[in-house]
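Notes follow once the structure below has been shown.
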Amino acid sequence: MGELEKRTAQAIVNIFESGKAAGDYGAVTVLAGDSGHLTYGKAQTTLASGNLYLLIKAYVESAGALYASALKEYLPALKRCEASLDNDARLRWVLQEAGADPAMQDVQDGFFDRVFWKPSADAARALGIKTPLGLAVVYDSHIHGSWRYLKGRVEEKAGKASTIGEKRWIAAYVGERKAWLASHDNRLLRRTIYRMEAFEELIAAGNWSLALPLTVRGVRIDADIIDYHPPVRVSAEGAEERLLLLKSPPMTGEDVRALEEALKRHGYVINTDGVFDENLERIVKDFQQLERLTADGIIGASTRAALGI
């Protein structure tokens with residue numbers, strides 16, 4: 001299979017995961033009742049599986065990662081798969097911001113290829129599945145989960161792909177997985193039958209080669225989308241603005257002092273000592289609340305803009 005077919009298969013699954021053919025590197029999702037808990041990235045890797053820890057660890061260790069220091073402190077909790085992270089607003093904010101970092105985009109591309117695409121391609125090859133559509137179905141199940149379980153059910157009921165033929169086997173697999181999802185105890189999984197319905201439409205159209213253009217769930221996939229590269233957000237200045245927040249030991253510097261001066265201009269009585277301490281965090285949260293911003297005490301782009309710094 002060529003690179004175009006691979007990217008098309010991945011674009012289909014990206015649509016399932018984030019509604020965008022190109023994927024959303026900064027997508028953070030937490031759904032009540034989702035056993036995966038917090039999920040992140042263009043293919044929505046989960047906290048519960050431990051894969052989110054592996055992804056963030058790879059990012060923190062990558063060269064030039066802009067949010068490495070902010071995310072490094074979360075590694076122990078991510079490694080323990082702590083469900084409390086679902087409600088950590090600061091973590092979710094940092095993950096969203098990191099999605100625009102080219103280093104994160106490169107790490108995600110490599111991670112999802114290594115953890116999901118290659119095993120999918122190996123599994124398809126072992127079954128004798130060669131069509132792009134067939135591989136897309138296998139890849140989707142590796143991303144979504146329960147591939148081996150459903151594969152076994154289909155082989156038990158319909159036979160092996162090598163016996164009945166690839167196209168019949170893939171159609172049987174899609175039908176079996178659709179029925180399984182539709183009757184699942186987890187209501188969230190029941191709602192994901194749209195994935196199999198989309199594959200049924202492609203099978204009915206006979207588009208086993210995933211010839212472009214094609215439409216999945218109302219989203220068009222064409223050559224321009226496949227060649228799409230997310231915009232790179234990089235400052236025209238040589239130095240990046242730090243994310244300012246309460247840490248131990250406290251952050252210090254001229255950027256903290258500039259923050260204090262800006263708060264003074266907005267009427268706050270404050271000691272301009274260039275130290276981000278608990279009192280400064282309290283004042284920042286008060287300012288954010290008044291400005292109807294997320295009152296998390298973190299000085300990012302939105303709060304800087306509101307302060308005029």
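- Glu82 places none of its side-chain heavy atoms less than 4.5 Å from the side chain of His37.
- When side chains are defined from C-beta on, Leu259 counts as touching Leu244, because their heavy atoms get closer than 4.5 Å.
- Taking all atoms of both residues into account, the shortest heavy-atom contact from Met104 to Ala98 is CB-O, 3.1 Å.
- No donor-acceptor pair under 3.5 Å is formed between the side chain of Ser146 and the backbone N or O of Tyr149.
- Between the side chain of Gln105 and the backbone N or O of Gly99 there is at least one donor-acceptor pair closer than 3.5 Å.
- Nearest heavy-atom pair across Ala9 and Ala136 is CB-CB, 3.7 Å.
- With sequence neighbours left out, the ring-ring contact (aromatic ring centres under 6.0 Å, His included) criterion links Phe287 to His266.
- Between the side chain of Thr294 and the backbone N or O of Asp296, no donor-acceptor pair lies under 3.5 Å.
- In this structure the side chain of Ile129 never reaches within 4.5 angstrom of the side chain of Val137, judged on heavy atoms.
- With Asp101 contributing its side chain and Leu66 its backbone, the two residues share a donor-acceptor pair below 3.5 Å.
- The number of heavy atoms from other shown groups lying within 6.0 Å of CD (Gln289) does not exceed 12.
- The minimum heavy-atom distance between Arg125 and Asp122, with the atom names listed, is NH1-OD1, 2.9 Å.
- Between Arg90 and Glu73 there is a salt bridge, since at least one side-chain N of the basic residue sits less than 4.0 Å from a carboxylate O of the acidic one.
- By the 4.5 Å heavy-atom criterion applied to side chains, Leu210 and Ile12 are counted as neighbours.
- Gln44 and Ser18 are not linked by any side-chain donor-acceptor pair at a separation below 3.5 angstrom, with hydrogens and angles left out of the test.
- Using a 4.5 Å cut-off on side-chain heavy atoms (C-beta onward), Tyr53 and Tyr74 make no contact.
- Ile170 places none of its side-chain heavy atoms less than 4.5 Å from the side chain of Thr131.
- In terms of modelled atom types and a separation under 3.5 Å, the side chain of Thr46 and the main chain of Ser49 share a donor-acceptor contact.
- You'll find the ring centres of Phe112 and Trp117 outside the 6.0 Å limit.
- Aromatic ring centres of Trp147 and Tyr173: separated by under 6.0 Å.
- Shown here are the side-chain contact (heavy atoms from CB on, under 4.5 Å) partners of Glu201, two or more places apart in sequence or in another chain: there are none.
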Inset, instruction - Before giving the answer on side chain to side chain contact (heavy atoms under 4.5 Å, CB included), spell out for Lys151 and Leu127 the whole-Å C-alpha distance, their side-chain angles and the decisive distance to 0.1 Å. - result: CA-CA 10 Å; Lys151 167 183 168 290; Leu127 293 176; 3.6 Å; yes
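- Asp255 and Arg304 are not joined by a salt bridge, as no carboxylate oxygen comes within less than 4.0 angstrom of a charged side-chain nitrogen.
- Under a cut-off of 6.0 angstrom, the local environment of CD in Glu3 is crowded, with over 12 non-hydrogen atoms contributed by other residues, nucleotides or ligands.
- Applying side-chain hydrogen bond (donor to acceptor under 3.5 Å, both in side chains) to Asp113 and the options Lys118, Gln108, Lys6 leaves one that passes, Lys6.
- Thr192 places a side-chain N or O within donor-acceptor distance of the main-chain N or O of Leu189, the cut-off being under 3.5 Å.
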Inset, instruction - Decide yes or no on side chain to side chain contact (heavy atoms under 4.5 Å, CB included) for Leu263 and Leu280, but give the supporting numbers first. - result: CA-CA 9 Å; Leu263 288 167; Leu280 181 55; 3.6 Å; yes
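- When hydrophobic clusters are built by joining Ile, Leu, Val, Met, Phe, Trp and Tyr residues whose side-chain heavy atoms come closer than 4.5 Å, directly or via intermediates, Leu150 is not grouped with Leu188.
- A salt bridge links Asp109 to Lys42: at least one charged side-chain nitrogen sits closer than 4.0 Å to a carboxylate oxygen.
- The closest side-chain heavy-atom distance from Leu71 to Lys57 is not below 4.5 Å.
- In terms of heavy-atom proximity, Met251 sits nearest to Val256 at O-CG2, 4.0 Å.
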Inset, instruction - Evaluate side chain to side chain contact (heavy atoms under 4.5 Å, CB included) for Phe111 paired with Asn51, printing each intermediate quantity in order. - result: CA-CA 9 Å; Phe111 181 84; Asn51 280 326; 4.1 Å; yes
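- Note that the CG atom of Asp140 and the CD atom of Gln10 stand 12.0 Å from one another [nearest 0.5 Å].
- What you find for Leu212 and Ile221 is that their closest heavy atoms are CD2-O, 3.5 Å.
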Legend entry - From CA spacing to verdict: side chain to side chain contact (heavy atoms under 4.5 Å, CB included), Val30, Arg92: CA-CA 10 Å; Val30 180; Arg92 292 164 68 172; 4.2 Å; yes
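- In summary, the side chains of Glu5 and Ser209 do not present any donor paired with an acceptor at a separation below 3.5 Å, with no hydrogens or angles considered.
- Ala58 and Val107 make their closest contact through CB-CG1, 3.9 Å (heavy atoms, listed as atom of the first residue, atom of the second, distance).
- Between the Glu166 side chain and the Lys130 main chain, a donor and an acceptor come within less than 3.5 Å of each other.
- Residues Leu47 and Leu78 meet the side-chain proximity criterion, which asks for heavy atoms closer than 4.5 Å.
- Checking side-chain atoms of Arg265 against main-chain N and O of Gly308 turns up no donor-acceptor pair under 3.5 Å.
- A donor-acceptor contact shorter than 3.5 Å is absent between the side chain of Arg190 and the backbone of Ala182.
- Between Lys178 and Glu200 a salt bridge is recorded (basic side-chain N to carboxylate O distance below 4.0 Å).
- Of the charged side-chain nitrogens involved, at least one lies within less than 4.0 Å of a carboxylate oxygen, so that Glu176 and Arg153 count as a salt-bridged pair.
- Val269 forms part of no hydrophobic cluster, judged by ILVMFWY side-chain heavy-atom separations under 4.5 Å.
- In the hydrophobic clustering of this structure, Leu293 does not group with Val28; members are Ile, Leu, Val, Met, Phe, Trp, Tyr whose side-chain heavy atoms approach within less than 4.5 Å, directly or through other members.
- Taking the centre and axis of the six-membered ring of Tyr194, the NZ or CZ atom of Arg217 falls inside the cone set by 45° and 6.0 Å.
- With ring centers used as reference points, Tyr59 lies 6.0 Å or more from Tyr40.
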